[in-house]
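The structure appears right after this line, and notes come after that.
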Amino acid sequence: MADIAVAPRAKPQIQKARAWDQLKHNRNWLGFWFMVPAMAFLIFFLAYPLGLGIWLSFTDTRIGRVGHFIGTENYEWLWDDSIFWLSVFNTLLYTFVASAVKFAVGLYLALLLNEHMPFKAMLRAAVLIPFIVPTVLSTLAFWWIFDSQFSIISWSLRHLGLISQNINFLGDTTWARICVIFANIWRGVPFVAITLLAGLQTVSPSLYEAATLDGATRWQNFRFITYPLLTPIIAVVMTFSVLFTFTDFQLIWAMTRGGPVNATHLMATLSYQRAIIAGQLGEGAAISSAMIPFLLAAIMVSWFGLQRRKWQQGESND
């Protein structure tokens, strides 16, 4: 039988050259390698702590004592815990009201600052002040504003003859909720306003000029030009706003520590109280893990909204 010729194997140098050519010409492959450092950073500082927290929620770990696997016992305990469900209610109320008001006020400020007015640059810088001030510092200022004895609001109302005694803002359950929501709105409005303002800068003035020539009113310009073009930015901004508000800890803890009578306890503050102060790391981790479905729901609503907009515009999902 005649010998069958066997093709020689490709040399390693040729394979390396092909890989290098692929790296140079394939932008997706090159982009992947550029993302590797950021991926490693996120895995180490975000994914690992998240996984560890979920694992601890299935154990009876306490501070100073290694825990054992107990299954869903922590979650079963929380299911019958009235304070936990109160914190869930407070968190949803706090997030919904604060996010809605921040969006409305932020959008109004963005539209206002987008107009031609004197000292516009100074006004835009002034809007950022609540956002750049450290959270604890601004919270302490609000704590003094709402103090039961030295509140400037109560002092002003008493001198106007509208009230006879100081209002116990942070000692009443209803007033305490209103106060923390107001403080969060004050801090969060600049982020929404400046981000939406940046989006408004990308809208071509020629669109408004053409609409005005066709007889469109200011409301119609907003309804059919501004709002549709801002929808992707609004979705991203509000997703971040909801996530930041839902997981808020510093403002609540520095202002009320969850009081009075747990009326302002959010899931984040209750988790800290149970895990660090009470030493029940497993139970605190279970409360933190219970926040994940709510956060995923907020992200998925935004994602599906953006995908629906792409489909309506005839764009691909790539």
Side-chain angles (χ1 to χ4, degrees), residues 53 57 60 62-63 73-102 135-158 162-188 242-295:
S57 69
D60 60 352
R62 302 188 62 178
I63 292 180
E73 185 175 325
N74 286 324
Y75 295 97
E76 294 172 2
W77 171 263
L78 291 178
W79 186 263
D80 297 324
D81 187 356
S82 59
I83 298 178
F84 168 73
W85 287 111
L86 178 61
S87 72
V88 174
F89 169 78
N90 292 336
T91 304
L92 295 177
L93 176 68
Y94 180 78
T95 302
F96 177 78
V97 176
S99 298
V101 176
K102 281 188 286 189
T135 303
V136 175
L137 182 60
S138 59
T139 302
L140 288 177
F142 276 109
W143 185 80
W144 277 104
I145 291 173
F146 297 127
D147 185 74
S148 59
Q149 295 182 353
F150 307 104
S151 170
I152 185 64
I153 300 176
S154 296
W155 181 86
S156 301
L157 293 177
R158 279 195 296 107
L162 299 178
I163 59 174
S164 58
Q165 58 183 3
N166 288 355
I167 301 174
N168 190 11
F169 287 105
L170 301 181
D172 179 78
T173 56
T174 302
W175 274 115
R177 286 174 176 150
I178 294 174
C179 291
V180 295
I181 291 174
F182 178 83
N184 181 272
I185 292 170
W186 184 83
R187 280 195 50 80
V242 168
L243 296 181
F244 293 155
T245 307
F246 193 92
T247 57
D248 194 6
F249 170 80
Q250 296 181 68
L251 189 150
I252 300 295
W253 193 255
M255 197 167 178
T256 64
R257 295 187 183 274
V261 200
N262 302 309
T264 60
H265 249 319
L266 304 186
M267 296 176 73
T269 57
L270 183 64
S271 173
Y272 176 81
Q273 185 187 67
R274 298 283 177 88
I276 305 302
I277 297 180
Q280 302 286 349
L281 290 178
E283 186 177 342
I287 298 174
S288 297
S289 300
M291 298 168 63
I292 296 176
F294 297 99
L295 300 176

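At least one side-chain heavy atom of Lys102 sits less than 4.5 Å from a side-chain heavy atom of Thr245. Counting only heavy atoms from C-beta outward, the side chains of Ile153 and Leu157 approach each other to under 4.5 Å. Side-chain contact between Ile252 and Tyr94 is present, with at least one heavy-atom pair separated by less than 4.5 Å. A heavy-atom distance below 4.5 Å is not found between the side chains of Asp60 and Glu73. Under the 4.5 Å side-chain criterion, counting only non-hydrogen atoms from C-beta, Arg187 is in contact with Thr135. A 4.5 Å side-chain heavy-atom check between Met255 and Leu170 finds at least one atom pair inside the cut-off. Looking at Leu92 and Phe246, their side chains come closer than 4.5 Å, going by heavy atoms from C-beta outward. Considering only heavy atoms from C-beta on, Ile167 stays 4.5 Å or farther from Ser151 through its side chain.
Classification of the Phe150-Trp144 ring pair by plane angle, with boundaries at 30° and 60°, yields tilted. Using a 30° and 60° split on the angle between ring planes, Trp85 and Trp79 fall in the perpendicular class, above 60°.
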(Q) Test side-chain contact (heavy atoms from CB on, under 4.5 Å) on Leu78 and Asn74; report intermediate values, then the result. (A) CA-CA 6 Å; Leu78 291 178; Asn74 286 324; 5.6 Å; no
Q | Derivation of the side-chain contact (heavy atoms from CB on, under 4.5 Å) call for Phe294 and Thr91 | A | CA-CA 10 Å; Phe294 297 99; Thr91 304; over 6 Å; no
Q: Let me see the working for Val88 and Met267 under side-chain contact (heavy atoms from CB on, under 4.5 Å), right down to the final yes or no.
A: CA-CA 6 Å; Val88 174; Met267 296 176 73; 4.0 Å; yes
Q. For Met291 and Thr247, what are the C-alpha separation, side-chain angles and deciding distance, and is it a side-chain contact (heavy atoms from CB on, under 4.5 Å)?
A. CA-CA 8 Å; Met291 298 168 63; Thr247 57; 3.7 Å; yes
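How far CZ of Phe244 is from CG of Asp248: 11.0 Å, rounded to the nearest 0.5 Å. Separating the NE2 atom in His265 from the OH atom in Tyr272 is a distance of 11.5 Å, to the nearest 0.5 Å. The CD1 atom of Ile277 sits 10.5 Å away from atom CG of Leu270, with the distance rounded to the nearest 0.5 Å. Between atom CD1 of residue Ile163 and atom OG of residue Ser156 there is a gap of 9.0 Å, rounded to the nearest 0.5 Å. Atom CG of Leu140 and atom CD1 of Ile145 lie 11.0 Å apart (nearest 0.5 Å). Taking OH of Tyr75 as the reference point, atom CZ of Phe84 lies at 9.5 Å (rounded to 0.5 Å).
Between Asn166 and Ser154, the shortest heavy-atom distance links the atoms OD1-CB, 3.5 Å. The two residues Gly259 and Ala176 come nearest to each other via the heavy atoms O-CB, 4.4 Å. Among all heavy-atom pairs drawn from Phe249 and Ala268, the shortest one is CD1-O, 4.0 Å. Across all their heavy atoms, Phe169 and Phe146 have their closest contact at CB-O, 3.5 Å. For the residue pair Gly53 and Ser289, the shortest heavy atom distance occurs at O-OG, 3.9 Å. Closest heavy-atom contact between Ile276 and Ile63: O-CD1, 3.5 Å.
Residue pairs satisfying the salt bridge (Lys or Arg N to Asp or Glu O under 4.0 Å) criterion with at least one member in residues 263-276, sequence neighbours excluded, are listed as follows: Asp81-Arg274, Arg274-Glu283.
In this structure, the side chain of Asn168 does not engage the main chain of Ser148 through any donor-acceptor pair within 3.5 Å. One N or O on the side chain of Ser99 and one on the backbone of Thr95 form a donor-acceptor pair closer than 3.5 Å. In this structure, the side chain of Asn90 engages the main chain of Leu86 through a donor-acceptor pair within 3.5 Å.
Listed by chain and residue number, Ser271 satisfy the side-chain contact (heavy atoms from CB on, under 4.5 Å) test with Ser288 (two or more places apart in sequence, or in another chain).
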